[in-house]
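In this text, all values refer to a predicted model and were calculated from it rather than measured experimentally. Quick note on labels: first sequence line is chain A, next is B, and so on, each numbered from 1. Only heavy atoms go into these numbers, but all of them, side chains included; no hydrogens, no water, no symmetry mates.
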Amino acid sequence: MRDLIIDLIKNAIDEAKKKGVIPEVVVEDIELERPRRREHGDLATNIALLVASKTGKSPREVAGAIVGFMDKESRLLTDIEVAGPGFINFRFSPRFTRSVLFEIQRKGADFGRSSVGKNRRVQIEFVSANPVGPLHVGHGRWAAFGDALANVMSHAGYRVEREFYINDYGSQMKKFGRSIYARYMELLGKDVVFPADGYAGEYIREIAKRILSERGESFAGLDEKELVEKIIEMEYPVMLESIKKTLNRMGVSFDVWFSERELYLRGEVEKTLKLLEDKGEAYWRDGALWLRTTTYGDEKDRVLIRSNGEPTYFASDIAYHRDKMERGFDLVINIWGADHHGYVPRMKAAMQAMGYDPSRLEVILGQLVKLYRGGEPVTMSKRTGEIITLDELLDEVGVDASRYFFLQRSSDSHLDFDIDLAKKESPENPVFYVQYAHARISSILRYAKEIGADDSTPTEDDLDLLREEVEIDLIKKLGELEEVVEFCAEKRAPHRLTGYAEDLASLFHGFYRDCRVITDDAALTRARIFAVKGVRQVIRIVLGMLGVSAPDEM
RNA sequence: GCCCCCGUAGCUCAACUGGAUAGAGCAACAGACUUCUAAUCUGUAGGUUGCAGGUUCGAGUCCUGCCGGGGGUGCCA
């Protein structure tokens, strides 16, 4: 439809130019927008305003000329008008508007699919928590966000892969091992100092207790270094498993679990560093190996190998990104916490140093989550280990509400998560509001079946009976799904899906109040059952992308 | 100091990336169930878009400078 109208406008402009009604000027891409106000029609363009600004003619005059040359025979449109300062407004015919219901029936779960992604291969890497502790609430946000983004991008025609990068190597691991070691020794009554930078959470004590009960005191005989190593090897896979379990619980699954450790074992880190050195992008100074990131706009050069011989996290991350590039993705999206923002120019520079186009890497920086209970912020401290884990949140508010709430805000704004609201089973809670619309429709359809109402596919004439303003508005909303999908995918903004879901649910609830679906009029009943089925399908698709269930009864 | 994000109704956020009269939800107030689910709906009220300039036909949106909140600025990850 959009393309059709754009062609219509283009042809009219060409024609007008030919006739000399408007001067020869370069016309940029024609954009159609959905006007905010109903009176402004279904689609509008500001092209006349843009053209006029280059010619000195009045915008309305230009708009009038363009409309004058437009082919108005189309049965899809009922009206083309010049309005306001020079907008051209288009109005769909009711038949065209209603035809979307047939399209939904035909496409089913594929309705709203778009091809803007052009089948490009995209990798989305998200969560990527260190396997040294349970996932916290912030991880939950990125799990929900990354997963929904992947869903919406694949609906928009990208080939998407989900990846989790496991930081199972290096100092975090050691810290993890030393922390457990210290708690274990404490349990044995040994006088050990807990590491100042150790993980203070209670779960570390639990692990130590479990080790004591499983292995007894025999471990204490080993020397510290050996023991810490052993603890790491035993416990990080356990932790990783529990992370996977939590993510599964949220309905998030990854295509690839990529291990940092294996990158080292395969010699990839070494190879990558050598490559950079050979290219002259890295150099030795003060006993350390530095990457010349300043060449590519970074503030200062960055260390790859410390003077103590240990590679930095940056070094393995570069090797990791090289691996991603070599895997041939057209686009790689990393979802990182906002505290990594200083890291972005560095990584981009590294990409260039390796000879890759840095635009193949996109980093989404996510802001923090603040929990509120009883109107008060819930205090959390990483230092004391007082955190609310993702599992605890899921226990308390449930998966659907958690996912929905995590997805309500754009990734670059802070998220205030109101626990009390998320738990409420009332219309204030948008999750239930949307799910209720779905359940209500299922209930209507059950009733229809029960009384044996005619639910066969209606004819176009049947559908002509759908002429209440609320029902037309509702059907129009269904037709917007494709562009919502495109917007969410292109802007990496899955949060807009929640707004769309709420708009749709609200229109449906209004429709339900004003229009009875099952009536004595068989044709009207067929039409309304069909319409309501379409609404249910779209709600299902949207909730599916959000990762929220669509219940048939509540 | 420098860099990034944010600032819109009492609260939480939208505003289709420069368009027409800045919109929702919650909270407040007033109403609506003999009905296919009231977990719903209708109405009222609420604004100098942090401040000051600038750019143009047109600015919440772009530019400059302030103010406020958050984050970053390691041979940490």
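Rounded to a whole angstrom, the distance from the P atom of G10(B) to that of U48(B) is 8 Å. Atom name P, nucleotides U61(B) and C16(B): the rounded distance is 12 Å, in whole Å. Nucleotides U35(B) and A14(B) place their P atoms 40 Å apart, quoted to the nearest Å. For A22(B) and G65(B), the C1' atoms lie 26 Å apart once the distance is rounded to whole Å. U21(B) and C33(B) are spaced 39 Å apart, taking the P atom of each and rounding to whole Å. Nucleotides A52(B) and A15(B) place their P atoms 25 Å apart, quoted to the nearest Å.
D42(A) and K476(A) are joined by a salt bridge, as a carboxylate oxygen and a charged side-chain nitrogen come within less than 4.0 angstrom of each other. A salt bridge links R526(A) with D462(A); the closest basic N to acidic carboxylate O contact falls under 4.0 Å.
Across all strands shown, N89(A) has heavy atoms under 4.0 Å from base atoms, whether or not it also approaches the sugar-phosphate. Residue P345(A) is out of contact with every strand shown, counting any heavy-atom pair closer than 4.0 Å. Counting non-hydrogen atoms under 4.0 angstrom, N130(A) reaches the backbone sugars and phosphates but no base. When heavy atoms are screened at a 4.0 angstrom cut-off, F314(A) is found touching no nucleic acid atom at all. No engagement by K175(A) is indicated, since no non-hydrogen atom pair under 4.0 Å with the nucleic acid exists. If you check every strand for non-hydrogen atoms under 4.0 Å, E553(A) touches a base. Looking at heavy-atom distances under 4.0 Å, C488(A) makes no contact with the nucleic acid at all. At the heavy-atom level, R513(A) lies under 4.0 Å from the strands shown only through sugar-phosphate atoms. Contacts of A439(A) with the nucleic acid, taken as non-hydrogen atoms under 4.0 Å apart, include base atoms. The residue A44(A) sits close to a base: some heavy atom pair falls under 4.0 Å.
Shown here is D520(A), whose CG atom has no more than 12 heavy atoms of other residues, nucleotides or ligands within 6.0 Å. Other residues, nucleotides and ligands place no more than 12 heavy atoms under 6.0 Å from the CD atom of E299(A).
With a cut-off of 3.5 Å on both pairing distances, the Watson-Crick or G-U wobble partner of U64(B) is A52(B). Taking a pair to require two hydrogen-bonding distances under 3.5 Å in either a Watson-Crick or a G-U wobble arrangement, A30(B) pairs with U42(B). Under the Watson-Crick and G-U wobble criteria, each requiring two contacts below 3.5 Å, nucleotide U12(B) is paired to A24(B).
Of the candidates A14(B), A39(B), U17(B), A39(B) carries the atom nearest the F432(A) side chain, counting heavy atoms from C-beta on. When distances run from any side-chain atom of I444(A) to the nucleotides A77(B), C36(B), C75(B), the shortest one goes to C36(B). Which of C75(B), U17(B), A20(B) sits closest to the side chain of S307(A) comes down to C75(B). Considering only the side chain of S410(A), A14(B) comes nearest among A77(B), A38(B), A14(B). Looking at the side chain of R409(A), the nearest of the listed nucleotides C36(B), A20(B), U12(B) is U12(B). The side chain of H341(A) lies closest to C3(B), out of G74(B), A20(B), C3(B). Among G19(B), C75(B), A77(B), the nucleotide with an atom closest to any side-chain atom of V303(A) is C75(B). Comparing atom distances between the R302(A) side chain and each of U21(B), C75(B), G74(B) picks out G74(B) as nearest. Comparing C36(B), U73(B), G19(B) by their nearest atom to the side chain of R516(A) picks out C36(B). Checking G74(B), C36(B), U17(B) against the side-chain heavy atoms of I518(A) singles out C36(B) as nearest.
Contact check, Y447(A) against U35(B): no side-chain N or O comes under 4.0 Å of OP1 or OP2. Side-chain nitrogen and oxygen atoms of R34(A) include none within less than 4.0 Å of the OP1 or OP2 phosphate oxygen of U17(B). At the phosphate of G25(B), neither OP1 nor OP2 sits under 4.0 Å from any side-chain N or O atom of Y404(A). OP1 and OP2 of A77(B) both lie 4.0 Å or more from every side-chain N or O belonging to K174(A). When the side-chain nitrogen and oxygen atoms of R496(A) are compared with OP1 and OP2 of A15(B), one or more of them lie within a distance under 4.0 Å.
Between the CD atom of E125(A) and the P atom of A77(B) there is a distance of 16 Å, rounded to whole Å. The distance between atom NE2 of H40(A) and atom P of G19(B), rounded to the nearest whole Å, is 14 Å. Atom NZ in K477(A) sits roughly 11 Å away from atom C1' in A24(B) (whole-Å rounding). Protein atom CD1 of I47(A) is 14 Å distant from nucleotide atom P of G19(B), rounded to whole Å. Atom CD1 of I364(A) is separated from atom P of C4(B) by 19 Å (rounded to the nearest Å). In this structure, L304(A) places its CG atom 16 Å from P of G74(B), rounding to the nearest Å. One interatomic measurement links the two molecules: OH of Y433(A) to C1' of C26(B), which rounds to 13 Å at whole-angstrom precision. Summarising the geometry, the separation between CD on E450(A) and P on C36(B) is reported as 10 Å, rounded to the nearest angstrom.
Side-chain polar atoms of R536(A) and S442(A) form a donor-acceptor pair below 3.5 angstrom. Counting only N and O atoms by type, the side chains of T519(A) and D521(A) include no donor and acceptor under 3.5 Å apart.
Taking the six-membered ring for Trp and thresholds of 30 and 60 degrees, Y264(A) and Y169(A) have nearly parallel ring planes, at less than 30 degrees apart. Aromatic ring pairs are classed by plane angle as parallel below 30°, tilted from 30° to 60° and perpendicular above 60°; the pair Y283(A) and W290(A) is parallel.
Residue ring and nucleobase are stacked for F87(A) and A20(B), with a centre distance beneath 5.5 angstrom and an angle between planes beneath 30°.
If you take CD on E81(A) and CZ on F87(A), they are separated by 12.0 Å, rounding to the nearest 0.5 Å.
Residue order along RNA chain B, read from the 5' end via each residue's closest nucleotide, puts D503(A) first among I305(A) and D503(A). Comparing F511(A) and L49(A) along RNA chain B, the residue whose closest nucleotide (by nearest heavy atom) sits nearer the 5' end is L49(A).
Checked by distance alone, T312(A) brings no side-chain donor or acceptor within 3.5 Å of a matching partner on the base of C75(B). In terms of polar N and O atoms assigned as donor or acceptor, the side chain of D197(A) never comes within less than 3.5 Å of the base of A77(B) in a complementary pairing.
You'll find the ring centres of Y165(A) and Y320(A) inside the 6.0 Å limit.
Syn is the glycosidic conformation of C33(B), whose angle stays within 90° of 0. In this structure, U17(B) is classed as syn because its glycosidic torsion stays within 90° of zero.
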